[in-house]
Amino acid sequence: MAPALAAAQNEKPNIIFVLCDDMGWGDLGCYGQQYIATPNIDRLAAQGMQFMQAYAGSPVSAPSRASLMTGQHTGHCEIRGNKEYRSGSVTYGRATDYAVVGQHPLDTAHVVLPEIMKDYGYTTAQFGKWAGGYEGSISTPDRRGIDEFYGYICQFEAHTYYPNFLNKYSSLDGDEGVTRELMQQNIEHDFFGDDYYLRPQYSADIIHRKAMEWLDRQDGSQPFYGLFTYTIPHAELLQPEDSILNAYRARFCDDKTFAGQDGSWYHAVANVHAQFAAMITRLDAYVGEIMDKLEEKGLADNTIVIFSSDNGPHEEGGADPTFFNRDGLLKGLKRSCHEGGIRIPFIVRWPGHVPAGVRNDHPLAFYDIMPTFADIVGADNYEARYRNPRLGAADHFDGISFLPTLTGNDAGQLSHDYLYWEFDETDQIAVRQGNWKLIVKRGTCELYDLATDIHEDTNLAADYPELVDAMKEIVRQAHVDNPYFSVTLPE
């Protein structure tokens, strides 16, 4: 911690960032959802600012989270796709898990958000999905500024809500690194076949309880930063048989059944509409418990609460995003650089600072979160402080603080010249400049005017060749080659 900041640390706001998994822009009541009850998140929006043009860092999980962590867009950050690492194997309850498992590591030469928060006096924690490095890699929570972690190091393992193990780390407990905590009651039942449905340890509830235990320990003597990366509503579409699920089963009488999927961990499930809706309402209940705990401890007024999603809606494990988003306002799903894959819900509540009940159209992206938090904690000129001197200007910081917008100072808000995304798995690139949107698919350019065509139906590339050429030049400037991830640049 910077010594000069120690005396003022109690004046800093706490931050809780709830980042859910694969929730679409229209999956919440406050964004127009008519079939799913989200009273707590809707209340959060009514008490704070709701962003209508907020963007994830990527259309899939790991690179989107990397953008949030690094303050870099996916033309610069190390992680640009869901690259998996799995080696060796161990067996739990007749199911095989890999001995080493996880995603490509975050670049250790570039600072990440929790490291900045720790420097400025915050205790830090993350509960849920890490996806920033495989087990035993150079980038696990214990090595990247996290004081306490509980959840999944590997997002591949997070494809099951009744896993064989979860990961944990606590500096307070003297842990030397991330370890596995076996779900003993789960592994008594086979992972494959009908015995799986007898597993009782539901990871989403367990992770949430750990997060609440951590929150309950905070007493206001030190500012805290908690990133709650809940896996709901990612597939698989399974959860406890309780009143939340049964209420939706009664509501969706013409529901669908998912028969399972070869080559995946997604198990067969009936009532997929009910399951998906209940998962979001369950997540909403978690948010309500977080807010209640902050109120109980007298911390609500000095805590910034943010709610968002890592990318657009999925259709995996039987999920049916078309059913729940029947207005069809946005085109594309997870893995697409169309608006539906990257435009996400984003809500901020900060009493006394963020005006309540405001809908804001400021375009922001996940890489704007780092400079915004730096502004909030008083990290002046954070880029100069944290830029790697060995890399110099090649150590990119791409974000712009949106603190002026948050505090109602729209006139003082700087804007991006452009927003940028690239995603190797579907070979797509996107640039938004003003209301113009360029999408490059396997090297072929499409151009849309979001002001009149938010669904991106009319390709105007042939009508505006000079604009396309100018935006292609932005792509060439924004993209830096990466040995692990590649896209086809436009000619």
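Computed over heavy atoms, backbone and side chain alike; hydrogens, waters and symmetry mates excluded. By convention here, the first residue in the shown sequence is residue 1.
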query: Do NZ/NE/NH1/NH2 and the carboxylate oxygens of K83 and D424 come within less than 4.0 Å?
result: no

message: Regarding D368 and T372, do their side chains bring together a donor and an acceptor under 3.5 Å, going by distance alone?
response: no

task: Would you please test E473 and R476 for salt bridge (charged side-chain N to carboxylate O under 4.0 Å, His left out) and show each step?
output: CA-CA 5 Å; E473 182 59 30; R476 286 187 280 269; 3.2 Å; yes

- prompt: Which one of F324, F346, Y31 satisfies the ring pair (Phe, Tyr, Trp, His ring centres under 6.0 Å) criterion with W25?
  reply: Y31

field: Side-chain H-bond candidate by donor/acceptor type, E148 with Y150, under 3.5 Å
entry: no

- prompt: Do T303 and N14 have side-chain N/O donor and acceptor atoms under 3.5 Å apart?
  reply: yes

query: SG of C20 to CD1 of I344: how many Å apart, nearest 0.5 Å?
result: 9.0 Å

- request: Evaluate the criterion side chain to side chain contact (heavy atoms under 4.5 Å, CB included) for residue pair C30 and T38; output intermediate values, then yes/no.
  value: CA-CA 8 Å; C30 55; T38 55; 5.8 Å; no

- line: dist T70:OG1 -> F366:CZ (nearest 0.5 Å) comes out at 12.0 Å

Trace of the side chain to side chain contact (heavy atoms under 4.5 Å, CB included) decision for L450 with E456: CA-CA 7 Å; L450 297 179; E456 300 167 285; 3.9 Å; yes

message: With a 3.5 Å distance limit and no angle check, can you tell me whether H396 reaches the backbone of D398 through a side-chain donor-acceptor pair?
response: no

Side-chain donor-acceptor pair present, N409, T407, cut-off under 3.5 Å: no

field: side chain to side chain donor-acceptor pair (under 3.5 Å) evaluation trace for Q428 with E422
entry: CA-CA 6 Å; Q428 293 187 16; E422 61 181 58; over 6 Å; no

Ion pair check, R335 and E316, cut-off under 4.0 Å: yes

Check against side chain to side chain contact (heavy atoms under 4.5 Å, CB included), C445 and L438: CA-CA 7 Å; C445 293; L438 181 77; 3.9 Å; yes

query: Is there a donor-acceptor pair closer than 3.5 Å between any side-chain N or O of N388 and the backbone N or O of A109?
result: yes

task: Return yes if a side-chain donor-acceptor contact under 3.5 Å exists between S61 and Q155, otherwise no.
output: yes

task: Could you tell me whether a side-chain N or O of S139 sits under 3.5 Å from a main-chain N or O of G133, the two making a donor and an acceptor?
output: no

query: Are E296 and K293 ion-paired here, with the side-chain N under 4.0 Å from a carboxylate O?
result: yes

- prompt: In terms of the angle between their ring planes, are F127 and W214 parallel, tilted or perpendicular, with boundaries placed at 30° and 60°?
  reply: tilted

query: Taking atom SG of C337 and atom CD1 of I342, what is their separation to the nearest 0.5 Å?
result: 5.5 Å

- prompt: Is K331 salt-bridged to E339, cutoff N-O under 4.0 Å?
  reply: no

- prompt: Will you find, in the side chains of N167 and E135, an N or O donor that is under 3.5 Å from an N or O acceptor?
  reply: yes

query: Is a side-chain donor-acceptor pair under 3.5 Å present for D453 with H455?
result: no

message: Under a 3.5 Å threshold, yes or no: a donor from one side chain and an acceptor from the other, between Y286 and D205?
response: yes

message: Do Y85 and S137 pair up side chain to side chain, a donor and an acceptor below 3.5 Å, judged on atom types alone?
response: no

Cation over ring face, R432 and Y55, 6.0 Å, 45°: no

message: Let's go through M471 and Y418 carefully: what are the C-alpha distance in whole Å and the side-chain angles of both, what is the deciding distance for side chain to side chain contact (heavy atoms under 4.5 Å, CB included) to 0.1 Å, and is it a yes or a no?
response: CA-CA 9 Å; M471 296 183 80; Y418 62 84; over 6 Å; no

field: Donor-acceptor pair, side chain of Q126 and main chain of K129, under 3.5 angstrom
entry: yes

- prompt: Could R65 and D21 be called an ion pair, given the rule that one side-chain N must be under 4.0 Å from one carboxylate O?
  reply: yes

task: Kindly compute the distance separating CG (L227) from CG (L113), expressed to the nearest 0.5 Å.
output: 8.0 Å

task: Tell me yes or no: between the side chains of D119 and Y386, is some donor less than 3.5 Å from an acceptor?
output: yes

Exam field: side chain Y161 to backbone T231, donor-acceptor pair closer than 3.5 Å: yes

